[in-house]
Amino acid sequence: MKAKAILAAAILAAAVVPASAQEQVVRIATEGSYAPWSFSGPNGTIQGFEIDLANDLCARMQVKCEIVPQSWDGLIPSLQAGKYDAIMAAMSVTPQRLEVIAFSAPYAAGINSFAVVADGPLSTLPGTGETYSLGTQEAQAKARLGEIGPLLKGKVVGVQGSTTASAFMETYLKGIAEVREYKTTEEHNFDLMNGRLDAVVANATVLAAALEKPDMQGAKLAGPIFSDGVFGVIGVGLRKDDAALKTKFDEAIKAAVADGTVKRFSEKWFKVDVSPRT
Amino acid sequence: MLDLTFLGETFVTLIGGIPLTLQLTALSVVSGGVLAFVLALMRSSRNPFLDVPARFYIFAFRGTPLLVQIFIIYYGLSQFPALRQSVLWPFLREAYWCAAIALALNTAAYSAEVIRGGLNAVPAGQIEAARSFGMTRALAFRRIIMPLALRQMLPAYSNEIILMVKATALASTITLMEITGIAAKLISQSYRPVEVFVCAGAIYLALNFVIARIFSKLQYALTPEKREAPATASGNRIEEARHV
């Protein structure tokens, strides 16, 4: 009996050991057009904050990672269809998304702002330079938005479709400005510069990076920076049934936040620290 | 598993996009049709100054993807400050007009070839007969050539219109909320692409079914000689006799 048990254990071990020794491949999808989070560099390879972080996390999890670019609209459907195993695409954790996918521990906080044309009518939005948390300072934020609202009346505001920026307009400025949805932030920035839009709302880090480019000369950030609330925190999107991978990512992210790796990458790419505040 | 309430709600929301889809189709088919007619006449001309530009136009618009044409008109043209200051800007500023223009220019190229095909297929004998009756070229064109050409090009042209209904889906890429634009928004809110796209597909199918029916009725009305002769009593008897 005992011999049998030992034999069984040996067989089990034999079956398990080679499997774990073989490196697991985790396919991570990113957007690839959301600088400086993830974007195509001059030589065509994908780079950015999330790429550095993904490589760091994979090293911590001791898995092999493949990073694939995927259009924003298709990220969640393709994750569910099993085309890849994780999403790292500056995706905020929202209740709606939590209904369909799981998220790891947050690796960044979402901060959003307005960008406007510097010589346009909206160039002096109140609250420029201030930061409000829509979670803990919602009253103050709403007071500021109460001043911004009348200025946006009859104006056209661009957002990237199905992002927290569109949720923000829907929640706080619904029915005031005409909101147009774009496929990418690059497209709405373009329409801001050619005069089709009066303002855009997007992640402040992305806007700040875009404003440094020559074709966005003459545009600037305006109004306060908003965080938390509808913008939430950013985590790795995972399939709900993939608990093992979630545990791995959670541990790796917590370690990377704790030892300052996230802060280091953040300052490298954004000049500001977006690491989640706990 | 199949959520009927969700399907129903989706369907009702998507129906809101039908007017814009039909507007874009109608606008582009009508204005593109006029342009196509001019292009077809230029293509049929023996004058190289008319023929060559039309050839080049058709080559350029058939040879490039419609999506690229939409992007060039919407994002490309707006790059030129001169254009933004011009009288055209109030039109080109609007995604609606950019989409309509791109669709019209595109369908004009395809339709021109359809019309030219229709014109070429008119039998030479018919034209000669008309001329020998003393009809001027213009009169012969109006009374003989054009009606025959119209009838012959109908099946190919109905194809083109159905393609245009589907092509309006590309307008969603420049922020227009037609059926596909609304579908994309619904998917981003619900993360249920299969249900939403099935509904959107069903609506396009229904629209194109109606269009196909209209054209087949039109075809029937325009080709009386191809209908079966009404069966007479004696005719029937002969048929029956043959079967025996």
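Here is how names work: the chains are called A, B, and so on, in the same order as the sequence lines, proteins then strands, and each is numbered from 1. Just so it is clear, the values below take in all heavy atoms, side chains as well, and ignore hydrogens, waters and symmetry mates.
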Part of [X] within contact of chain A (heavy atom distance under 4.5 Å):
X	result
Ala95(B)	neither
Leu92(B)	backbone
Phe80(B)	neither

Listed partners of Cys65(A) passing disulfide (SG to SG under 2.5 Å), at least two apart: Cys58(A)

Between chain A and chain B, are any donor-acceptor pairs under 3.5 Å, and how far apart is each one to 0.1 Å?
from: Gln96(A); atom 1: NE2; to: Gln189(B); atom 2: O; distance (Å): 3.2
from: Arg97(A); atom 1: NE; to: Tyr191(B); atom 2: OH; distance (Å): 2.8
from: Glu181(A); atom 1: OE2; to: Lys185(B); atom 2: NZ; distance (Å): 2.9
from: Glu187(A); atom 1: OE1; to: Tyr75(B); atom 2: OH; distance (Å): 3.4
from: Asp191(A); atom 1: OD2; to: Tyr74(B); atom 2: OH; distance (Å): 2.4
from: Asn194(A); atom 1: ND2; to: Ser78(B); atom 2: OG; distance (Å): 2.8
from: Gly195(A); atom 1: O; to: Arg93(B); atom 2: NE; distance (Å): 3.4
from: Gly195(A); atom 1: O; to: Arg93(B); atom 2: NH2; distance (Å): 2.5
from: Arg196(A); atom 1: NE; to: Arg93(B); atom 2: O; distance (Å): 2.8
from: Arg196(A); atom 1: NH1; to: Tyr74(B); atom 2: O; distance (Å): 2.9
from: Arg196(A); atom 1: NH2; to: Tyr74(B); atom 2: O; distance (Å): 2.7
from: Arg196(A); atom 1: NH2; to: Leu92(B); atom 2: O; distance (Å): 2.9

